S.K.: 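Just passing along the structure, written as structure tokens.
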Amino acid sequence: MKIEIIGAGSLGLLLAGKLIRSGTGVRLWCRSGEQCAALAAAGLTISHIDGREPVFIPGSEIEAVPISEFPRLYPESPGDWLVLTVKQGVLHGTLPELLGPLRESEVNVLCLQNGWGHMELLQKLLPAATLYTAVTTEGARRESPVRVVHAGAGQTSIGIWGGGETVRNQAAIRMADTLRSAGFSVLLSNEVKAMIFRKLAINAVINPLTAIWRIPNGELLSTELRVRMMKELYEETAAVYEACGIAYEDSLWNDILEVCRATSGNHSSMLADVLSSRETEIRWINGSLVALADQAGVDVTAHQWVIRMVEGMFVKER
Ligand SMILES: NC(=O)C1=CN([C@@H]2O[C@H](COP(=O)(O)OP(=O)(O)OC[C@H]3O[C@@H](n4cnc5c(N)ncnc54)[C@H](OP(=O)(O)O)[C@@H]3O)[C@@H](O)[C@H]2O)C=CC1
Ligand SMILES: CC(C)(CO)C(=O)C(=O)O
């Protein structure tokens, strides 16, 4: 199996390194030629916060190519899968033009983005492709273009976008087996929308508050006021789901609290973006809930406020 990974950031480097180490063919598409050169010179190091030995992949074993070469090189020798590990902003920004030549292609595409909105976009861009959503609780943090920290082993659930029996889908089964042999814990799910909306609720409550208060996830639980703000965001989210007929488990609020405990020392991805003055994914997390709320006539004042707070902070810091 040959896997094309687009986006050599936290998740892309983690996946690429572990897949290469397990013997899977990987071509890694980086935004910059500088990162490709750095990987060729220094190799890739994956370290673990749980004390496991770092994994080192020598540069000679890494096929890293600048994304500007994608339209020329990809059609000459396309891989079996495209794995997208860029942020939502890139998917909605520069990637549509790059993927344009694949419009007729029946390629399998695995998308690991948090948030909501990217799958509909990809469906329009790549109507002949089979799209798979992956919802992951793996934690990865890129330290440099050639170093990534595996900050927490999690679980990845994969489902066919648009419905279908993922659990019997041969391509999905092979992909899951390949990821498992690289050391990831993977489930196939026929409930793709339920898994996306569950993760969306978790991100919509935890990410903006940790980014605004600049605290690790666990500190959200340290005062009553913080938990009350979380609850407000949660209750608005639940009201949107009810109004839109989106099913969710009764345990969702407790699940969110549990994620804070399980990832207590982690910086959320939104806090990490804010601290690095990068664009956040709030438009596709809280913003997508506001869009659903507008259609359904639900009041989501708390979500609107956190969006303004995070977007205002980002603009100020640039
Ligand atoms: N990190 C994690 O633990 C988790 C992440 N996710 C989701 O996965 C997605 C990726 O997250 P993460 O890996 O953290 O993000 P990062 O910002 O670490 O990585 C994104 C990568 O995309 C690269 N990139 C930007 N533009 C392009 C382009 N046009 N072509 C190719 N590559 C490009 C960036 O390059 P450069 O740095 O050079 O700009 C960067 O290396 C997000 O949607 C996130 O929500 C989900 C669960 C966990
Ligand atoms: C689950 C959580 C909140 C873990 O940090 C996450 O997905 C993120 O930071 O984006």
Side-chain angles (χ1 to χ4, degrees), residues 4-16 27-36 38-39 49 64-71 74 82-99 110-119 133-157 184 196 198-211 215-218 220 230 255-274 276 278-286:
E4 315 269 3
I5 298 180
I6 301 188
S10 307
L11 216 46
L13 288 178
L14 176 72
L15 286 169
R27 182 159 51 174
L28 183 58
W29 297 92
C30 305
R31 187 185 56 78
S32 70
E34 289 78 14
Q35 186 178 15
C36 300
L39 285 165
I49 56 162
V65 190
I67 194 73
S68 53
E69 294 287 344
F70 186 85
Y74 176 83
L82 271 187
V83 174
L84 302 181
T85 51
V86 289
K87 287 257 166 79
Q88 287 269 3
V90 175
L91 262 187
H92 290 262
T94 46
L95 224 58
E97 196 184 325
L98 276 167
L99 296 180
L110 184 69
C111 308
L112 283 115
Q113 286 66 33
N114 278 333
W116 175 259
H118 55 300
M119 299 306 297
T133 299
V135 171
T136 187
T137 54
E138 294 291 342
R141 191 175 68 247
R142 192 177 77 172
E143 283 190 331
S144 82
V146 297
R147 293 188 74 88
V148 63
V149 180
H150 193 186
Q155 190 164 63
T156 303
S157 302
F184 296 102
I196 294 182
R198 180 178 179 278
K199 184 80 191 289
L200 184 66
I202 293 170
N203 290 130
V205 173
I206 296 177
N207 292 24
L209 296 180
T210 52
I215 52 172
N217 297 348
L220 281 176
M230 291 173 71
D255 293 349
I256 294 170
L257 299 180
E258 190 43 45
V259 171
C260 290
R261 287 184 205 106
T263 62
S264 61
N266 288 11
H267 281 178
S268 74
S269 55
M270 201 171 284
L271 174 57
D273 285 339
V274 163
S276 307
R278 288 188 303 252
E279 184 189 19
T280 73
E281 292 183 301
I282 198 158
R283 203 183 332 158
W284 295 280
I285 297 176
N286 303 77

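Predicted, not measured: the structure shown is a model, and the values here were computed from it. Read the numbers this way: they start at 1 and go in the same order the structure lists the ligands and their atoms.
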S.K.: Please report the closest heavy-atom contact between Gly115 and Ile196, naming both atoms and the distance.
M.R.: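 Minimum heavy-atom contact is O-CG2, 4.0 Å.
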S.K.: What heavy-atom pair brings Gln113 and Lys87 nearest, and what distance separates the two atoms?
M.R.: CG-C, 4.5 Å
S.K.: Are Leu257 and Met230 side-chain neighbours, meaning at least one heavy-atom pair lies under 4.5 Å?
M.R.: yes
S.K.: Run the numbers for me: atoms of ligand 2, each under 4.0 Å from some heavy atom of Val259, listed by number.
M.R.: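 Counting from 1, the qualifying ligand atoms are 1 (C).
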S.K.: Which residue and atom name correspond to the protein heavy atom nearest atom 5 (O) of ligand 2, and how close is it?
M.R.: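 Ranked first by proximity to atom 5 (O) of ligand 2 is Asn217 ND2, 2.9 Å.
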S.K.: Just jot down the ligand 2 atoms closer than 4.0 angstrom to any heavy atom of Ser268, in number order.
M.R.: 5 (O), 9 (O)
S.K.: With side chains defined as the heavy atoms from C-beta onward, is the minimum distance between His118 and Leu95 less than 4.5 Å?
M.R.: no
S.K.: For ligand 2, which atoms have a heavy atom of Asn114 less than 4.0 angstrom away?
M.R.: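 So the answer, numbered in order with elements, is 7 (O), 10 (O).
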S.K.: Quick one: which of Thr280, Val205, Asn203 has a heavy atom closest to atom 2 (C) of ligand 2?
M.R.: Asn203
S.K.: Minimum heavy-atom separation for Tyr74 and Arg27, please, with both atom names.
M.R.: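 Answer, listing the atom of Tyr74 first, then Arg27: CA-NH2, 3.9 Å.
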S.K.: With a 4.5 Å heavy-atom cut-off, do Thr280 and Val274 have their side chains touching?
M.R.: yes
S.K.: Please confirm whether Lys199 comes within less than 3.5 Å of ligand 2 when only nitrogen or oxygen atoms on both sides are compared.
M.R.: yes
S.K.: Kindly tell me which protein residues have any non-hydrogen atom under 4.0 angstrom away from an atom of ligand 1, grouped by chain and ordered by number?
M.R.: Ile6, Gly7, Ala8, Gly9, Ser10, Leu11, Arg31, Ile67, Thr85, Val86, Lys87, Val90, Thr94, Leu112, Gln113, Asn114, Thr136, Glu138, Gly139, Ala140, Arg142, Lys199, Glu281
S.K.: Is Thr94 close to Val86 at the side-chain level, that is, under 4.5 Å between some pair of heavy atoms?
M.R.: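 No - every pair of side-chain heavy atoms lies 4.5 Å or more apart.
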S.K.: Could you tell me whether ligand 2 has any atom less than 4.0 Å away from a heavy atom of Glu281?
M.R.: no
S.K.: How far is atom 9 (O) of ligand 2 from its nearest protein heavy atom, and which residue and atom name does that atom have?
M.R.: Ser269 N, 2.8 Å
S.K.: Do Leu82 and Leu99 touch side chain to side chain, with heavy atoms closer than 4.5 Å?
M.R.: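 They are in side-chain contact.
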S.K.: Do His267 and Thr210 have side-chain heavy atoms sitting under 4.5 Å apart?
M.R.: no
S.K.: Considering heavy atoms of the protein only, find what lies nearest to atom 3 (C) of ligand 2 and give residue, atom and distance to 0.1 Å.
M.R.: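 The closest heavy atom on the protein side is Asn207 OD1, 3.3 Å.
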S.K.: Got an N/O contact under 3.5 Å between Thr263 and ligand 2?
M.R.: no
S.K.: Looking only at heavy atoms, which two atoms of Glu69 and Trp29 are closest? And how far apart?
M.R.: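 Looking at all heavy atoms of both residues, the shortest contact is C-CZ3, 3.9 Å.
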S.K.: Can you measure from CG (Leu15) to OG1 (Thr136) and round to the nearest 0.5 angstrom?
M.R.: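 Reported value, rounded in 0.5 Å steps: 8.0 Å.
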